[in-house]
A.B. asks: 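Please read through the structure below; I'll follow up with questions.
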Amino acid sequence: MDISDLLKPYDPTLNEPKILERWQKDGAFKPRGKGKPFAVVFPPANVTGVLHLGHALTIAIQDIIIRFRRMQGYDTLYIPGTDHAAIATQAKVEAELYKKEKKTRRDFSREDFLKMVEDYAANSQSAILSQLRTLGASCDWDHLAYTLDDKRSFTVRTAFSRLYKMGLIYRGTRLVNWDPKLQTNVSDEEIEWREEVTPFYYLRYGPFVIATARPETKFGDKYVVMHPKDERYAKYKHGQKIEVEWINGPITATIIKDDAVDMEFGTGVMTITPAHDAADYAIAERHSLDKDSVIDLQGKLLPIAGEFAGQHISKARQLIVAKLESKGLVEKIDEKYIHRVAVNSRGGGVIEPQIREQWFVGVNRPFTLEHSEIRGLEAGSKITLKQLLRHTVESGQVKIIPEHFAKTYFHWIDNLEDWCISRQIIFGHRIPVWYRDQEVYCEISAPSGDGWTQDPDTLDTWFSSALWTFSTLGWPEETPDFKKYHPNALLETGYDILFFWVARMILMSGALLGQLPFPVVYLHGIVRDPERQKMSKSKGNVIDPLDIIKKYGTDALRFALIYGNSAGTDMAFDEARVRGMKNFANKIWNIARFVLTNAPDEVSQKQSASETEADKAILASLETTIKLVTQNLEDFRFNEAAQGIYDFIWHELADKYLEASKNQLKDPSQAENTRYLLRYCLKACLRLLHPFMPFITESLAPLLGEKNLLVESAWPEK
RNA sequence: GGGCGUUUAGCUCAGUGGUAGAGCACUUCAUUUACACUGAAGGGGUCACAGGUUCAAAUCCUGUAGCGCCCACCA
């Protein structure tokens, strides 16, 4: 390429693919093997679909950091990867299957269905990787990882069995969030609450009136609960038994006094359904009450419902209310009650809590930290995961940016319950536990001998992504990669997965390695649509980064996402801003045309005697800009770094110095030094701008005599 | 119910103690001589409101209001 190729205006769509090829051919993103290690993982993208603008922001920030540090001489490693996203992916395939062929997963064998999900995941993965490249992510593709590939699966089994032996993973029976649609349970974090207007029934229950939004669950209600201090019911004693006429005839009810009851709400009296409601379950636990199931795993009523047994709860409600009315048990109905319904946010159905035996990570169980590089936690000390999670952030060893998210993090820890990690879906890591009669065997691989059966459940997808900072580096092998790049240099991700992912990485790294996964967490905000709505397929407001790139180029998109956005703050996506940044790219292109036309060859520096005021001013301004950009990048203020380089290039170099140079070039005593400075400033700008706009800078660099790829060049010092 | 954030120019947002900023939009001039995806000049804000601290507050403190998010077992 030479100056005649600098057609006008700048066309990123022609230019960017060529640059991608050059980086690719050169292996430019591999760690150089010398310098201080600096590793960053790309948050493994779900193979449920393609990348969105949020990923583009992630890549823009991470790639700026990586390119900046690489130029500074660090041994950078940027690890790309994808996440199998267990439930979300399986739900998606099931939904498409039903839409296309009206079939469900139960119409196929486990193997055949799994094959379909895996094909879907593989397709999606190749699309994602191509997008990562298009967005300019300078990842080392040799380190590509997938949460469900063989190496990662081995890491997962190792982690599971070690945590099991440490007493941190246990099997327990308790109330879990059951999704009857997907036939699996999900963790508390995966639940989304939706408000719904529903009738609220006031029912006569012996001498009391109880209120409920869900009469279909009330068959087994044999405990009636009230607050111990409620004067209205003082004459009833805890444990007292009374006979009441109920849906299917008389039952014996027991009075329970518990201060969980809100005296102000409803009538101040309630009956409980411990097997299908978390609050009721907690009361039943406190008083050792029976927890009879009323609903089966498909959402149908059990024999306890008498004549209604076998009916689906969604259909049974009206019939039950009709019967209650015929028996005169309905006091009144409030038609406008607002009820909160729990829904599986991973494409599932309405949650129906069920008592089930599941696998948990116990966050309050003391364990011995065998090895520790975490300050304040001695090797051999006994702590709980909760304490570990709190300590790492509280002690400042994991610094969260912006700082206020640390408060959110602590708040979450304080309310944290054991993490339910087993799922009843088939796409994911099979739990490495085998049973034979009463024997339980937990190891990395199956036991020898006959008669063993493996636990049919799979793991929560976040279990494998929690290991990501080291599963990608070869752990449990003590690989050179692992020794060099763990802890990672920092973690960069969206604040929306602080609990799902960030906290659990701290947990796994601490418990298994006695290390922090990273010293810094930089959280970015959510990219919203121009009306500030969250983008989602169902709303139809998703903006595809590839469409934007086609119109304005990757450089412009990256710069627009960075410019004017601060850590942890949501942004409303504004196409006009991207257009503005495309203009900026064009500006640089034209600066280069001017410089190359007027100073086509390398010039050596003239002595300062011939320096003009403009010369001095531009050099001083360049020096300030280098300091400013460097400092802001080191302090994670990407927006200010971007603004600094933008202002210098456009308003100092172009608007002032280029204009001044037009006269200076006519003066023989100044011409040579001016040519030198034009080239010098532009070259410095290309380097400073490279992390932000890697494509246009890389393509201009050779025209100015840069011998090496800009990716591999040194960061400007002065 | 608990927690967190936010309110700055028409729009989208930076700015955290020292004379109010950017991008887009707008007005006037310049008409192609690196760039019209341009240049020069300019208009536009009592920085939500009320108190307080300070020589000095958009910035720190207290309170109020609007908006938003997260967490939570009101049946």
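The chains referred to below are lettered A, B, ... by the order of the sequence lines, with proteins before strands, and numbering in each begins at 1. Both backbone and side-chain heavy atoms feed into the values below; hydrogens, waters and symmetry mates do not.
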A.B. asks: Look at all strands and tell whether A:Y281 reaches a base, only sugar-phosphate, or nothing, counting heavy atoms closer than 4.0 Å.
C.D. replies: nothing
A.B. asks: Can you check the A:L175 CG to B:C73 P distance for me, whole Å?
C.D. replies: 11 Å
A.B. asks: Quick one, give me the B/S/- string for nucleotides 24-41 of chain B, reading 5' to 3', where B means a protein heavy atom under 4.0 Å from the base and S means that only happens at the primed atoms, P, OP1 or OP2.
C.D. replies: S---------BB-BSSS-
A.B. asks: Is it true that atom CD of A:E417 has more than 12 heavy atoms of other residues, nucleotides or ligands lying nearer than 6.0 Å?
C.D. replies: no
A.B. asks: Starting from P on B:C74, measure out to CG on A:D258 and report it in whole angstrom.
C.D. replies: 14 Å
A.B. asks: Apply salt bridge (charged side-chain N to carboxylate O under 4.0 Å, His left out) to A:D277 and list each qualifying residue two or more places apart in sequence or on a separate chain.
C.D. replies: none
A.B. asks: What does nucleotides 4-10 of chain B look like as a protein-contact string, B for base, S for sugar-phosphate only, - for none, at under 4.0 angstrom between heavy atoms?
C.D. replies: SS-----
A.B. asks: Given B:U12, B:C73, B:C74, which nucleotide is nearest the side-chain atoms of A:A278?
C.D. replies: B:C73
A.B. asks: Using atom P of each nucleotide, how far apart are B:U53 and B:U59 to the nearest Å?
C.D. replies: 15 Å
A.B. asks: So which atom in A:A641 and which in A:V629 form the shortest heavy-atom distance, rounded to 0.1 Å?
C.D. replies: O-CG2, 3.8 Å
A.B. asks: Kindly check if the number of other-residue, nucleotide or ligand heavy atoms within 6.0 Å of CD (A:Q318) is above 12?
C.D. replies: no
A.B. asks: Provide the distance between the two C1' atoms, one in B:U46 and one in B:C4, to the nearest whole Å.
C.D. replies: 30 Å
A.B. asks: So does A:K291 pair up with A:E285, basic N to acidic O under 4.0 Å?
C.D. replies: yes
A.B. asks: Under 4.0 Å between a Lys/Arg side-chain N and an Asp/Glu carboxylate O for A:D221 and A:K218?
C.D. replies: yes
A.B. asks: Remember a base hit wins even if backbone is also touched, and classify A:G266 as base, sugar-phosphate or nothing at under 4.0 Å, heavy atoms.
C.D. replies: nothing
A.B. asks: Tabulate atom names and distances for all N/O pairs under 3.5 angstrom spanning the protein and nucleotides 60-62 of chain B.
C.D. replies:
none

A.B. asks: Would you sketch RNA chain B in dot-bracket for me? Only Watson-Crick or G-U wobble pairs with both distances under 3.5 Å count, crossing pairs as [ ], other-strand pairs as |, the rest as dots.
C.D. replies: ((((((((.[[[[.)..(..]]]].(((((.......))))).....[[[[[..)....]]]]])))))))....
A.B. asks: Going by side chain to side chain donor-acceptor pair (under 3.5 Å), name the pairs with one or both residues in residues 638-648 of chain A, residues two or more places apart or in two chains.
C.D. replies: none
A.B. asks: Between A:E602 and A:K683, does at least one N-O distance fall below 4.0 Å, as a salt bridge requires?
C.D. replies: yes
A.B. asks: B:C70 P sits how many Å from A:D188 CG, rounded?
C.D. replies: 16 Å
A.B. asks: Looking at B:G3, B:C74, B:C70, which one has an atom nearest to any side-chain atom of A:H411?
C.D. replies: B:G3
A.B. asks: Who pairs with A:R232 by salt bridge (charged side-chain N to carboxylate O under 4.0 Å, His left out), at least two apart in sequence or on another chain?
C.D. replies: A:D230
A.B. asks: What's A:V261 touching, base or sugar-phosphate or nothing? Going by heavy atoms closer than 4.0 Å.
C.D. replies: base
A.B. asks: Please give, in whole Å, the distance from B:C74 C1' to A:H227 NE2?
C.D. replies: 13 Å
A.B. asks: The criterion is ring pair (Phe, Tyr, Trp, His ring centres under 6.0 Å); which residues satisfy it with A:Y236, sequence neighbours excluded?
C.D. replies: A:F208
A.B. asks: Mind checking what makes ring pair (Phe, Tyr, Trp, His ring centres under 6.0 Å) contact with A:H227, not counting sequence neighbours?
C.D. replies: none
A.B. asks: Mind calculating the distance between CD (A:E640) and C1' (B:A14) to the nearest angstrom?
C.D. replies: 7 Å
A.B. asks: Do A:F68 and A:F638 have their ring centres less than 6.0 Å from each other?
C.D. replies: no
A.B. asks: For RNA chain B, determine which residues of residues 330-342 of chain A have any heavy atom closer than 4.0 angstrom to one of its atoms, and list them numerically.
C.D. replies: A:Y337, A:R340
A.B. asks: May I ask you to check whether over 12 heavy atoms, not counting those of A:E335, lie within 6.0 Å of atom CD?
C.D. replies: yes
A.B. asks: Return the set of residues passing ring pair (Phe, Tyr, Trp, His ring centres under 6.0 Å) with A:H404 (not counting sequence neighbours), or none when no residue passes.
C.D. replies: none
A.B. asks: Does atom NZ (A:K539) have a neighbourhood of more than 12 heavy atoms from anything else shown, all under 6.0 Å?
C.D. replies: yes
A.B. asks: Over all strands shown, is A:A282 touching base, sugar-phosphate only, or nothing at heavy-atom distances under 4.0 angstrom?
C.D. replies: nothing
A.B. asks: According to a strict under-4.0 Å criterion, is A:S566 in side-chain N/O contact with OP1 or OP2 of B:C13?
C.D. replies: no
A.B. asks: Considering every strand and a 4.0 Å limit on heavy-atom distances, what is the contact class for A:T569: base, sugar-phosphate, or nothing?
C.D. replies: sugar-phosphate
A.B. asks: In this structure, how many angstroms lie between the P atom of B:A75 and the CD atom of A:E196, rounded?
C.D. replies: 13 Å
A.B. asks: Please name all residues satisfying salt bridge (charged side-chain N to carboxylate O under 4.0 Å, His left out) with A:K656, sequence neighbours left out, ordered by chain then number.
C.D. replies: A:E652
A.B. asks: Heavy atoms only, 4.0 Å cut-off, all strands: where does A:G553 land among base, sugar-phosphate and nothing?
C.D. replies: nothing
A.B. asks: Quick one: label A:N639 by what it contacts on the DNA or RNA (base, sugar-phosphate, nothing), any heavy atom closer than 4.0 Å.
C.D. replies: sugar-phosphate
A.B. asks: Taking the side chain from A:N415 and the backbone from A:H411, do they hold a donor-acceptor pair closer than 3.5 Å?
C.D. replies: yes
